[in-house]
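Shown next, in structure tokens, is the structure this report addresses.
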Amino acid sequence: MDKHYDAKASEAKWYKFWEEGGCFHEEPGEGVPYSVVIPPPNVTGILHMGHALNQTIQDILVRWRRMQGRNTLWLPGTDHAGIATQNVVEKALKKEGKRRQDLGREAFVERVWEWKKQYGGTIVHQQRMLGNSTDWSRERFTFDEGCSKAVAKVFCQLFDEGLIYKGNYIVNWCPRCGTALANDEVEHEPNHGHFWYVRYPVVGSEKGVAGEPYKDYVMVATTRPETLPGDTAVAVNPKDDRYAHLVGKTVILPLAGREIPVISDDYVDREFGTGIVKITPAHDPNDFLVGKRHGLAEINIMTDDAHMNELAGEKYCGMDRWECRKALVADLEAGGYLDHIEDIDNQVGHCYRCHETVESRLSKQWFVKMKPLAEPAIAAVKSGEVKFVPERWSKIYFNWMENIQDWCISRQLWWGHRIPAYTLRANAGAGEDSKGKGDELIFVAETAEAALEKAKARTGNAALALADLEQDPDVLDTWFSSWLWPFSTLGWPEKTKDLDYYYPTNDLVTAQDIIFFWVARMMMAGIHFMKKPPFKNIVIHGIVRAADGSKMSKSKGNSLDPLELIDQYSADALRFSIALITSLECDTKVNKEKFEIGRNFTTKIWNAAKFLEMQEAALGEAGADIRSTFGKPLSADDRHILWACDLACRKVNDILEAYRIQDGALAVYDFFWTQICDGYVEYVKDSPNKAVSLAILRDVFWKALRLLHPYMPFVTEEVAHQLGFLRDGETIMRAKFPTGYSGDDKKAWGLSQEVYDFVNAKREAITAIRALRAEYKVPPATWVKVTVATGDERAAVEAESLKKAMRAESVEFVPVGSDLAMPSKITAFGTVYLSLEGLVDKAAESKRIAGEIAKISGFVKSAEAKLSNENFVAHAPEAVVAEARRKLAENKEKIAQLEKLAKLFA
RNA sequence: GGGCUAUUAGCUCAGUUGGUUAGAGCGCUUCCUUGACAUGGAAGAGGUCAGUGGUUCGAAUCCACUAUAGCCCACCA
């Protein structure tokens, strides 16, 4: 083996080997399936720490299951990310001085596809750097042919079932981009605004003179005076005694002169403003809901680009909204309607793309009725059919699902799945019955041809042609394709073997921020279209944060780049470190130094492997099989490591079964570093039976590598080959994941908890002597005399190995209770005494001892009190009581010895 | 305002149904380049588990309140 591990070369080599060798691929058929779909990253994306965490967890689960022998599929892919991708391409166009409108829809979409072809693979290549064992032969794209088919079918089915409708709704509207924005696409920012107090005269009251107050009016406070022409009511709280007498009356809308009712609604906050609100259903989301409850008219007074329309009144028609605000406020003042103006700090929504102030606006959009879909999805989690890990996330899921709102699925973009709804062009013969209530005739079908047939049948006009149909210009929300991801990627709506075998998937691993957008919707779609929830477990992990706890973002410059970390430390180091420092329970703060853990561990593994190789070479018996130890006597240390290995194997399996990725990393780290390297390797160096010990080391090493493989795929593969555990062409990916030793083997080797504890006790004794040496500043070169008071007859056998470890010229054994005045420490092995032969400063030592006695006395006192408490003795488990007794006795003995010592130094 | 979560060593975090004198990594102190490894080894210092009260023989763990921090939703006319 080389002196240093070349991670870069190794990682490139093995990934190529795995991918080209089809190691990530399985065919449906035999065995128990285990499948996972990746949360598809945006095709515009580049790999960030969130991906690294998310995908590391998935790869650990997937590699582990594969090694267990499950027929495993981890399906990769990307999301077409409508608005983000369109934005990227628009930016590129801008550099050429063009807008998308200059190209026209078709050419623009073509242009986006070209962009995708050229740059869309970036993240897919970056994922390979992580070592993901995704089956690239099944890679999908939410906008590929199959997924598009699925989207069209789903839309049509939901429409036929009456679950999709087109309706007026209040949406966040960006006047500059000309599109509806999802709630998460609106950024709220603090704003210094004003509160305009406006008087609405009560009908029947006398009109005052201009500039003077009306005698009888209601005072409304508003931050949006320009929406006043759209008011269709004013509202008060039903419990507000101040205004109870007004409810049911009508008031005059200033300037417009219309009469509007005074209504009462719980939405109104008595404490805020004047306690009276103007209701503008077409321009405020809350007012919209109030309007629905009270059957109010919705008057849209603005155009798509936020200019006033004719409904705003002749004077304001054509004005920009801010211009209108000025003009209208001036007119209110002139008319005596304006009482006063107040400063107020509030929040105003901005478009996340162009930063224009978002307008709440009534518009025709497509919606999915969510309630009927949500109910079975709630039930699936309630019944335990689908589980959240950690379980608490189900609360958040229920909270959202039980208050679910209809989903606005139309977007005024060009890049995305075109809505499969068609209307007849104006000049086409539509037939008499299609006109009437102002509703347009809509034909929803998966293809234009099918829509045409429907149109012909509906209108009775057989002469209609495709050219007479006009497709809805909008596209669907990106999530409308991702919510089908677990089955559309397996071939649905076709009946494929993959779908049959791998659906439902087993685990879905994602961060908390898309539980609503994605997880909940996948649940609904899976249950509705496949009749089965799309996965069995939903594993939610935290978010990766910067060292100061803030979100990582490129603009802040506080983000770590996983690719840089891979370059500097290796993919294994990145994976292991992130697994070790991340708990599912909460967010993770990371800084660069954290990744040294994984890098150092990689080095440790490499060096330990070198040790094994060298020792075997020296012995001239390279690669002895564990079977060569059968029937041979094993030392306590040999049996100790075998027991520890067995424990580790069981532990890691149990831990991964419970998705405790972090604990698994810790367990395997501790097993390798503490048990194998610090413990057994140190023993092997001086083992009296090296051939046997090396065979054992070889065996536990191979088990450790396999336990580690899900976390550190590359270095484990490399070392497994270097040490000859695998032949050329074989891979650790397909090696069996260790489950521990058989009961028969353990019996034959004489393994037991007792032996394991004995060796731990022996090591404790060694540590105690080292500590005593350090306390009394005995130089390392000085060989000391050690005495051990023990009743354990096994101890004497260890005298030789103790000598070396303690750097003792002699180790003497005496019976328990021997009266020795020497510095000592009590261990499970026995009490160890260190002969100093007058090496210390007596005064200082005497003082130190006094302090120590005081400290231990405190404990003895409280322990005595505890043990004299009848209730404790009666209720506490036996082992706890026994342990307490033992500790008490031990500490009493400690004090006795210290007192002897004190006399010695007095 | 509604919902959720956190507060344990200087830092980042474990601590699984309540039960030893509360652990790990990093950092820090001291010592050690002995043939796997200084990206290492040995030893050590450092915590009244945010606060107050309650339940209990026993609380970091369960309950209530308080303080502080964070997240999500709704967002204020």
Side-chain angles (χ1 to χ4, degrees), chain A residues 1 3-4 183 188 195 220-224 227 235 267-269 272-280 284-287 290 344 346-347 349 392-393 395-396 398-400 403 512-513 515-516 542-543 545 547 549 551 569 573 577 580-583 585-591 593-594 596-615 618 655 658 660 662-663 666 669-670 677-678 681-682 685 766-767 770-775 777 779-781 855-856 858-859 862-863 866 869-877 879-887 891:
Chain A
M1 288 174 71
K3 183 151 192 219
H4 298 289
N183 281 335
H188 290 272
F195 236 160
V220 169
T222 179
T223 56
R224 302 284 318 273
T227 64
Y267 151 69
V268 182
D269 180 350
F272 196 79
T274 59
I276 306 178
V277 194
K278 68 189 208 54
I279 300 297
T280 322
D284 182 279
N286 288 307
D287 293 7
V290 174
I344 185 173
N346 58 358
Q347 299 259 318
R392 67 185 162 93
W393 291 108
K395 284 189 209 167
I396 301 203
F398 291 138
N399 190 30
W400 189 71
N403 299 298
Q512 65 208 44
D513 51 350
I515 291 180
F516 307 144
I543 290 170
R545 294 178 174 280
K551 266 194 179 173
Y569 297 124
S577 302
L580 188 73
I581 62 179
T582 304
S583 107
E585 295 294 333
C586 59
D587 293 353
T588 307
K589 292 180 200 164
V590 299
N591 55 42
E593 289 69 45
K594 291 262 168 85
E596 289 177 6
I597 301 171
R599 189 267 317 262
N600 295 354
F601 191 33
T602 310
T603 308
K604 192 73 181 175
I605 294 164
W606 187 255
N607 284 322
K610 273 194 316 193
F611 172 81
L612 177 58
E613 190 189 45
M614 284 167 81
Q615 292 281 318
I655 282 170
R660 302 177 69 101
Q662 182 184 34
D663 290 353
L666 208 60
Y669 182 84
D670 178 71
C677 294
D678 294 348
V681 160
E682 291 306 316
K685 284 177 184 168
I766 293 167
T767 299
R770 285 174 180 166
L772 284 170
R773 293 181 65 119
E775 268 172 44
K777 303 210 185 328
K855 197 169 141 194
I856 299 170
F859 167 75
S862 71
K866 196 176 185 181
N869 182 334
E870 283 169 30
N871 282 317
F872 171 70
V873 180
H875 290 94
V880 173
V881 178
E883 187 61 20
R885 288 220 171 88
R886 200 186 68 71
K887 282 276 176 192
N891 280 283

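Naming convention: chains lettered A, B, ... in sequence-line order (proteins, then strands); numbering from 1 in each chain. Side chains included, hydrogens not; waters and symmetry mates left out as well; all remaining heavy atoms used. Because the structure is predicted, anything quoted here is derived from the model rather than measured.
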**Q.** Nearest-0.5 Å distance, CG of residue A:Asn286 to OG1 of residue A:Thr280
**A.** 11.0 Å
Show the distances under 3.5 angstrom between N or O atoms of the protein and N or O atoms of nucleotides 25-34 of chain B.
none

Applying side-chain contact (heavy atoms from CB on, under 4.5 Å), name anything that partners [X], two or more places apart in sequence or on another chain.
X	answer
A:Glu613	A:Met1, A:Leu723
A:Val268	A:Ala235, A:Asn237, A:Val277
A:Asn591	A:Ala547, A:Glu593, A:Lys594
A:Asn399	A:Asn403

Q. Considering heavy-atom distances to RNA chain B, does A:Ala863 or A:Asp663 have its closest nucleotide positioned more toward the 5' end?
A. A:Asp663
Q. Checking A:Thr223 side chain against A:Phe195 main chain: does a donor-acceptor pair fall under 3.5 Å?
A.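 Here the side-chain-to-backbone pair does not exist.
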Over how many whole Å does the gap from [X] atom [atom1] to [N] atom [atom2] extend?
X	N	atom1	atom2	result
A:Trp400	B:C73	CH2	C1'	11 Å
A:Met614	B:G35	CE	P	10 Å
A:Glu613	B:A36	CD	P	13 Å

Q | A:Thr582 and A:Val590, any side-chain heavy atoms less than 4.5 Å apart | A | no
Expressed in whole Å, how much space separates the [atom1] atoms belonging to [N] and [M]?
N	M	atom1	answer
B:G10	B:G46	C1'	9 Å
B:A36	B:U48	P	43 Å
B:A69	B:U61	P	23 Å
B:G1	B:C65	P	16 Å

(Q) Test of understanding: with ring pair (Phe, Tyr, Trp, His ring centres under 6.0 Å), list the residues that count as partners of A:Tyr669, not counting sequence neighbours. (A)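 Partners of A:Tyr669 under the ring pair (Phe, Tyr, Trp, His ring centres under 6.0 Å) test: A:Phe576, A:Phe601, A:Trp673.
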**Q.** Contacts of A:Phe611 that satisfy ring pair (Phe, Tyr, Trp, His ring centres under 6.0 Å) - sequence neighbours left out
**A.**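 Once residues adjacent in sequence are excluded, A:Phe611 has no partner under the ring pair (Phe, Tyr, Trp, His ring centres under 6.0 Å) criterion.
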Q) Dot-bracket for RNA chain B, 5' to 3', with Watson-Crick and G-U pairs under 3.5 Å, [ ] for crossing pairs and | for other-strand pairs: what is it? A) (((((((..((((.....[...)))).(((((.......))))).....(((((..]....))))))))))))....
Q) Taking OP1 and OP2 of B:C37, is either one under 4.0 Å from a side-chain nitrogen or oxygen of A:Lys610? A)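 Checking B:C37 against A:Lys610, no side-chain N or O comes under 4.0 Å of OP1 or OP2.
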Quick one: label [X] by what it contacts on the DNA or RNA (base, sugar-phosphate, nothing), any heavy atom closer than 4.0 Å.
X	answer
A:Asn286	sugar-phosphate
A:Gln662	sugar-phosphate
A:Phe516	sugar-phosphate
A:Arg885	nothing
A:Lys887	base

Q. Nearest heavy-atom pair of A:Thr227 and A:Lys278: which atoms, and what distance?
A.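 Looking at all heavy atoms of both residues, the closest pair is OG1-NZ, 2.7 Å.
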Are there any protein N/O atoms within less than 3.5 Å of an N/O atom in nucleotides 55-58 of chain B, and if so, which ones and at what distance?
from: B:C57; atom 1: O2'; to: A:Asn869; atom 2: ND2; distance (Å): 2.9

Q: Produce a footprint string for nucleotides 2-11 of chain B: one letter per nucleotide, 5' end first; B if the base is under 4.0 Å from any protein heavy atom, S if only the sugar-phosphate is, - if neither.
A: -SSS------
Q. Once each nucleotide of nucleotides 41-46 of chain B is scored for protein heavy atoms under 4.0 Å, what B/S/- sequence comes out, 5' to 3'?
A. SSSS--
Q) Looking at residues at least two apart in the chain, or sitting in another chain, which of them share a side chain to side chain donor-acceptor pair (under 3.5 Å) with A:Glu682? A)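 Partners of A:Glu682 by the side chain to side chain donor-acceptor pair (under 3.5 Å) criterion, ordered by chain and then number, come out as A:Lys685.
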